[in-house]
Amino acid sequence: MDISLDQLWDEALGHLQVQLSRPTFEAWIKTARAESLVDNRLTICTPSEWARGWLQKHYAPTITEVVQRVAGIPLQVEFSVSPHALAEEEAHSTAISSTSRSSSSLPASATLGLEVNGGLPMRAPDLNPKYSFSRFVVGANNRMAHAAALAVADKPGRAYNPLFLCGGVGLGKTHLMQAIGHYQLEADRRAKIFYVSTERFTNDLIDAIRRDGMQSFREHYRDVDVLLVDDIQFIEGKEYTQEEFFHTFNTLHESGKQIILAADRSPHLIPRLQERLCSRFSMGLIAEIQSPDIETRMAILKKKAEYEGMNLPAGVIEYIATTYTNNIRELEGALIRAVAYVSISGLPMSVETIQPILNPPTEPKEITADIVISVVCEEFGIDRDSLLGSSRKRDISQARQVAMFLMRHHTNLSLPKIGDYFGGKDHTTVLYSCEKVSQLQRESLQFDRQLQNLAERLRVTANNRDP
Ligand SMILES: Nc1ncnc2c1ncn2[C@@H]1O[C@H](COP(=O)(O)OP(=O)(O)OP(=O)(O)O)[C@@H](O)[C@H]1O
C-alpha cells in the first residue's frame, strides 16, 4: 500500500459519502477518524461509546469493503473510542446530571436568542398563528381532510390515530395540521403540542447522538399530547431516523397521544420506508388534499385579502385564480407580488397593471446565493465582507440570519452549503438562524412584510439578470 493513513481514510470517506445517506454519513462516519494501521489492522476512532457500538453493528462490513478497495489489500477493521471523548463524555454527563433540566445550563445556541431545552427547541411557539381553522377555506379538494382534522382536533388520540395528510406541494397540509394544534391550545393552554419538520427531527437526533444526549431527546419527543410531523417523506432511506421515529411513534400511540403526519404522497409511495412504519402510518386515516378548483382558489384569495386588509377588484381575484391553478402558496405569492408592485409603482390595482408582472407564472429564473447576498446587503446597508464574515454586531448578525433564511427558502442549497457561504458555519447554526427569523416573522407583521418584499426583490433581480 503506497498511501498514508490519512490519505486512505480521506479517500474512503469520499466513497462512503456517496454510498450512505447524508444523515448516516454526517452522524456516524464523518465524526470518526483513522487512528492506526498495524499488521493490516485498521483502527477507526469514534467520538463516543454509542457511536463505536453503532458503527460496529451496522457499518463494519461497508467500511471494511471500502477501505480494502482503496488500500488494495485485505484489511481488518476495528473501532475504538477516543480517550479524549471518553473524558469529555464523562464530564458532560456529570454536568447534565448535576444541573438536570436547569435553565442555567443552556448551551451556546442561546446566543441566537432561541429558547433551548438541553439543545432541543421549545414547543408551542412553533405554530404559525395564521394557520388556524378559521383561515382555512374548505372546498371539494380538501373537504375530507378538513373534516378528519376537525374530528381529530375534537377527540385527539381517539378519532383517527395517526392522521396522515397527503397531497402536492403548497396545498395546505401544514396549515391544516397546525390548525389542529391551535384548536388544542385554545381548549387547553397547557396542552403539549409539538410541531416539527422531519428534517428537524433528524437533526435533533444527530445532535443528540453527538452529545450523547439520547435520553433528553427521547424525553423531549415523547412527552407530548399531540405530535405534528411535517414532510415525513424525507424520512426515506434514513434508517436510524426511521428506527428512532418508530419507537417515538409507538410510545405515543400506546399512551393514546395523537400523531399527525404530513407528506407529499401516501405512505406506500414513500420509497425506502420500513414496512413496519408504512403499516403504522396507514393504520389511522389517510386523507388526501387535491388541487383546488377555481371557486376555492377565488375564495382563498378573498379570505387572504380580507385578513390583510387589501381591497381587491373582483376582476383581479378572478385573473389571479385563473392564472395560478395548482399550488396555493404560488397563488398567495402572486397576490402578494401584485399588491407589492401596485404599491411600489403607484399604479391602480387592475388586471392591466398586474398582468405583465404575473405573466407567465411558470419558469421563474433561478435565485442564486449571490442574488440573496447582494439584495440583503442593499437592504441592510452593509458590505458583502461584513455579511459573510463573523462580526457579532447586532445589525450585521441579524442581516446574516435573514440572508441564511432567504437562501434556505429561495434557493436549492442545503444547510451545510449555506453554512459554507458564511465562513463554514455548522448546519445547526444555519438551522437556528432560519428558525429565529421564522419566529420573528410570526411575531411581527412589519418584519413579515419586510421578508415578503425581500422575496419579491429576489425574484425581480433573478428575472432581470442576463441568462
Ligand atoms: N384551504 C386553504 N385555505 C386558506 N389558505 C390555504 C389553504 N390551503 C393552503 N393555504 C395556504 O397556502 C399556503 C401553503 O400551504 P401549506 O404550507 O400548508 O402547504 P403544504 O401542503 O404544507 O406545502 P408543502 O408540501 O410545501 O409543505 C399557506 O400560506 C396556507 O395558509
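All ligand and atom numbering here is 1-based and tracks the order in the structure. Predicted model, so just to flag it, every value in this text is computed and none were measured. Note that these values count all heavy atoms, side chains included, but never hydrogens, waters or copies made by symmetry.
- Distances below 4.0 Å separate heavy atoms of Asn142 from the following atoms of ligand 1: 1 (N).
- Atom 3 (N) of ligand 1 has as its closest protein heavy atom Val137 N, 2.8 Å.
- Atom 7 (C) of ligand 1 has its nearest heavy-atom neighbour, among Tyr307, Phe136, Tyr131, Phe133, in Phe136.
- The ring of Tyr221 has its center closer than 6.0 angstrom to the ring center of Phe201.
- Regarding atom 23 (O) of ligand 1, its nearest protein heavy-atom neighbour is Gly170 N, 2.9 Å.
- Using a 4.5 Å heavy-atom threshold, the side chains of Val342 and Leu347 count as separate.
- A 4.5 Å side-chain heavy-atom check between Leu176 and Phe133 finds at least one atom pair inside the cut-off.
- Between Val169 and ligand 1, not a single N/O pair is under 3.5 Å apart.
- Here the heavy atom of the protein found nearest to atom 8 (N) of ligand 1 is Ile328 CD1, 3.3 Å.
- Residues Met144 and Leu285 have side chains in contact (heavy-atom distance under 4.5 Å, counting atoms from C-beta outward).
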- Message: Set out, in order, the CA-CA distance, both residues' side-chain angles and the distance that settles side chain to side chain contact (heavy atoms under 4.5 Å, CB included) for Leu13 and Lys30, then state yes or no.
- Response: CA-CA 7 Å; Leu13 282 181; Lys30 212 172 137 188; 5.7 Å; no
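- Protein heavy atom closest to atom 4 (C) of ligand 1, with residue, atom name and distance, is Arg135 O, 3.3 Å.
- With respect to Phe380, the side chain to side chain contact (heavy atoms under 4.5 Å, CB included) criterion is satisfied by exactly one of Asp395, Val402, Leu387: Val402.
- Considering only non-hydrogen atoms, atom 27 (O) of ligand 1 lies nearest to Thr174 out of Leu301, Ile289, Val138, Thr174.
- Closest to atom 17 (O) of ligand 1 among all protein heavy atoms lies Arg329 NH2, 3.0 Å.
- In this structure, the protein non-hydrogen atom closest to atom 30 (C) of ligand 1 is His175 ND1, 3.4 Å.
- Among protein heavy atoms, atom 21 (O) of ligand 1 sits closest to Lys173 NZ, 2.7 Å.
- You'll find the side chain of Asp225 stays beyond 4.5 Å of the side chain of Gln258, heavy atoms only.
- Considering only non-hydrogen protein atoms, atom 13 (C) of ligand 1 sits nearest to Glu332 OE1, 3.6 Å.
- Here the side chains of Glu318 and Met298 are in contact, with some heavy-atom distance below 4.5 Å.
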